[in-house]
Amino acid sequence: MNALNFIDGVFVDAVDGKTLANVNPATGQEIGTIARSKKADVEVAVQAAMRSRKDWASRSMLERADWLDRIADGLERRKEEIAQRESRDTGKPLTLARRVDAQRSIDNFRFFADFARQQEPEVFEMADATNIVHRNPIGVVGLITPWNLPLYLLSWKVAPALLMGNTIVAKPSEMTPLTAALMCEVASEIGLPSGVINVVHGYGPEVGQAILEHPSIGAISFTGGTATGRHVAATAAPLFKKLSLELGGKNATIVLDDADLDEAVSGAVRAGFTNGGQVCLCGSRILVHQSIADEFTQRLVVAVDAMVCGPPEDASTQIGALISIEHLEKVESYIELGVEEGGTILTGGTREMTGPVIATNAGAFLRPTIIDGLDHTSRTSTEEIFGPIVTVHRFDSDEEAIEMANSTEYGLAGSIWSTNIDRAHALAQQIETGIIWVNTWLHRDLRTPFGGVKNSGVGREGGNWSLGFFSEPLNVCIKHSQE
Ligand code: NAD
């Protein structure tokens with residue numbers, strides 16, 4: 001299946017006809033081609049978005065909310081296909097792609113449609129005047145997204161951007177184009193006005209860069225790595241584009257001495273290894289109180305050892321392939337580094353599959369890995385690996401846990417496991433991060449702020465934060481008449 005650009009309601013090749021190979025990382029096989037777009041393609045897409053923006057902006061928010069529901073209906077009709085495409089593109093287990101990627105992509109559109117219907121006018125009364133706040137569209141916005149949760153993260157931006165009356169030029173990751181293409185097929189099927197959604201595929205430094213630099217794109221919403229985010233900021237900030245940056249993470253899972261150990265172990269496994277550890281929110285550094293550390297770690301090893309690493313389509317698979325062989329090699333280099341830095345591998349660290357079905361060995365498979373004995377400031381314990389690796393560290397007091405949790409350049413998320421909610425809540429407020437879960441992980445209410453501090457990003461998405469980002473507030477202050 002080939003991924004073409006979707007511009008002005010039509011599927012088209014890149015202007016110069018160039019393509020890239022799309023590889024299934026679980027088999028190493030080429031499964032299609034991707035349009036390799038460049039500046040000229042972005043120009044055509046921006047022109048289409050510019051032409052359609054007045055009409056789209058002139059519709060009421062409620063009318064646009066109805067369009068979001070139609071997109072959700074269209075995605076729902078093709079839910080299984082979303083999961084299949086996502087699994088083939090990423091190598092993730094099909095069961096996970098069904099439960100998380102397909103479902104949450106639909107939910108994102110539904111959520112913002114419903115959220116729009118709950119909006120109240122923003123009016124501020126003074127003794128002698130009334131202020132009415134309008135949220136105007138920005139115009140054309142650029143959306144750039146990564147490969148780990150392809151449609152889930154793209155829809156999280158597309159839905160609020162459209163709702164607020166913007167037209168979009170989106171660039172999905174060059175590794176995972178197939179569900180963005182499906183979203184465009186849905187837009188076409190339901191008759192969404194042409195030019196409202198435009199998708200240009202290709203490499204970041206070619207097509208992504210052209211989006212960053214285009215003078216008619218007023219805002220950039222970017223999700224991806226911290227190094228790329230730094231480049232995005234350096235390019236777009238001098239052009240005074242509005243910027244939202246959702247970047248990398250190195251999140252702590254903090255297990256206090258009064259934690260329910262069964263829950264803490266299964267929570268740490270889920271936080272550490274969901275999507276093969278390729279979620280920005282993954283708890284890749286486990287901090288555990290010294291008094292329970294041996295028992296916790298033993299149980300953790302048993303649980304991780306039992307995880308099924310195998311072909312994505314097998315129903316028992318819990319860990320599929322990583323996104324590519326290159327990424328696998330990068331992840332493995334951290335295992336080597338961990339050993340050099342004095343760590344001990346408690347389980348994993350090899351490429352073998354562990355499930356009932358052993359498929360082709362051309363895939364990017366890595367067993368879930370636990371490394372113990374590292375200093376919490378070591379590179380392995382502080383740099384984002386983005387794979388199925390966790391490190392375990394011991395602490396003696398809450399103060400020490402806080403110091404350890406804060407000892408990375410990242411600040412995206414984390415979880416605390418304790419039966420004392422007041423203690424956990426007090427501790428949560430001292431972690432330098434955007435999100436902390438207590439006795440749970442990745443438990444999302446889409447109205448709440450999502451985003452990070454430090455090198456994990458700038459700004460928040462979710463609920464009103466998304467509506468605020470994708471609009472320009474206009475305050476109209478009307479002086480009351482004297483009589
Ligand atoms: P990446 O930074 O390599 O790529 C992200 C996107 O940026 C891709 O579409 C890529 O093509 C594009 N890009 C690359 N160079 C560009 C350039 N010069 N100009 C414009 N666009 C460019 O990230 P990735 O490897 O795709 O994704 C993994 C990273 O994403 C991890 O660091 C992870 O933590 C992060 N992430 C963050 C969140 C979050 O919400 N904070 C969510 C998911 C993933």
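Counting starts at 1 for both ligands and their atoms, in listed order.
- A salt bridge does not link Glu326 with Lys330: none of the charged nitrogens is closer than 4.0 Å to a carboxylate oxygen.
- By heavy-atom distance, the residue among Gly452, Ser456, Gly224, Ser173 lying nearest atom 35 (C) of ligand 1 is Gly224.
- With hydrogens and angles disregarded, no donor-acceptor distance shorter than 3.5 Å links the side chain of Arg447 to the backbone of Asn464.
- When each atom of ligand 1 is checked for a heavy atom of Asn148 under 4.0 Å away, the hits are 43 (C), 44 (C).
- Between the side chains of Thr176 and Asp89, not a single donor N or O lies within less than 3.5 Å of an accepting N or O.
- Here the CG-CD1 distance, from Asn275 to Ile319, works out to 9.0 Å after rounding to the nearest 0.5 Å.
- Here the heavy atom of the protein found nearest to atom 7 (O) of ligand 1 is Phe222 CE1, 3.2 Å.
- Atom CD of Glu263 and atom OG1 of Thr440 lie 9.0 Å apart (nearest 0.5 Å).
- At under 3.5 Å, a nitrogen or oxygen of Thr228, whether backbone or side chain, sits near a nitrogen or oxygen of ligand 1.
- With a heavy-atom cut-off of 4.0 Å, Thr145 touches ligand 1 through its backbone alone.
- Taking every non-hydrogen atom of Thr223 and a distance limit under 4.0 Å, the qualifying atoms of ligand 1 come out as 5 (C), 37 (C), 38 (C), 39 (C), 40 (O), 42 (C), 43 (C).
- To the nearest 0.5 Å, atoms OH (Tyr152) and CG (Asp107) are separated by 9.0 Å.
- The single protein non-hydrogen atom nearest to atom 27 (O) of ligand 1 is Pro146 CB, 3.2 Å, given as residue, atom name and distance.
- Using a 4.0 Å cut-off between charged side-chain N and carboxylate O, Glu332 and Arg351 make a salt bridge.
- Ring geometry, His393 versus His376: the interplanar angle exceeds 60°, so the pair is classed perpendicular (tilted spans 30 to 60°).
- Listed by number with element, the atoms of ligand 1 under 4.0 angstrom from any heavy atom of Gln209 are 18 (N), 19 (N), 20 (C).
- From His201, atom NE2 reaches atom OG of Ser37 across 7.5 Å, with rounding to the nearest 0.5 Å.
- Residues Glu185 and Arg78 are paired through a salt bridge, judged by an N-O separation under 4.0 Å between the basic side chain and the carboxylate.
- Here is the list of ligand 1 atoms found below 4.0 Å of a heavy atom in Trp147: 24 (P), 25 (O), 26 (O), 27 (O).
- From the protein, the heavy atom lying nearest to atom 28 (C) of ligand 1 is Phe386 CE2, 3.7 Å.
- Contacts between Leu149 and ligand 1 below 4.0 angstrom, taking non-hydrogen atoms only, are absent altogether.
- For ligand 1, the atoms closer than 4.0 angstrom to any heavy atom of Leu412 are 41 (N).
- Of all the heavy atoms of Leu247, the ones lying under 4.0 Å from any atom of ligand 1 belong exclusively to the backbone.
- Residue-level proximity to ligand 1 for Met175 is absent, since no heavy atom of it falls below 4.0 angstrom.
- Ion pairing of Lys92 with Asp101 is present here, as a side-chain N (NZ or NE/NH1/NH2) and a carboxylate O approach within less than 4.0 Å.
- Among protein heavy atoms, atom 23 (O) of ligand 1 sits closest to Gly225 N, 3.3 Å.
- Within the listing of ligand 1, atoms 40 (O) sit less than 4.0 angstrom from a heavy atom of Phe450.
- In Gln278, neither the side chain nor the backbone holds a heavy atom less than 4.0 Å from any atom of ligand 1.
- Between Tyr203 and ligand 1, no pair of N/O atoms sits closer than 3.5 Å.
- A distance of 6.0 Å separates CZ in Arg88 from CD1 in Ile31, rounded to the nearest 0.5 Å.
- Using a 4.0 Å cut-off between heavy atoms, Ile144 contacts ligand 1 through its side chain alone, with no backbone atom that close.
- Of all protein heavy atoms, the one lying nearest to atom 36 (N) of ligand 1 is Cys280 CB, 3.7 Å.
- Set against the non-hydrogen atoms of Leu153, the atoms of ligand 1 under 4.0 Å away are 42 (C), 43 (C).
- In the model, Ser105 has no side-chain atom that pairs as donor or acceptor with a side-chain atom of Lys79 under 3.5 Å.
- Ranking the protein heavy atoms by distance from atom 32 (O) of ligand 1 puts Glu384 OE1, 2.6 Å first.
- Close contacts of ligand 1 with Gly208, meaning ligand atoms under 4.0 Å from a residue heavy atom, involve 19 (N), 20 (C), 21 (N).
- The side-chain heavy atoms of Glu86 and Leu151, taken from C-beta on, include a pair separated by under 4.5 Å.
- With hydrogens and angles left out, the side-chain atoms of Glu246 and Ser456 include no donor and acceptor closer than 3.5 Å.
- An N or O contact shorter than 3.5 Å is missing between Val232 and ligand 1 by distance.
- Counting protein heavy atoms only, atom 11 (O) of ligand 1 is closest to Glu174 OE1, 2.7 Å.
- Closest to atom 22 (C) of ligand 1, if we only count protein heavy atoms, is Gly204 CA, 3.4 Å.
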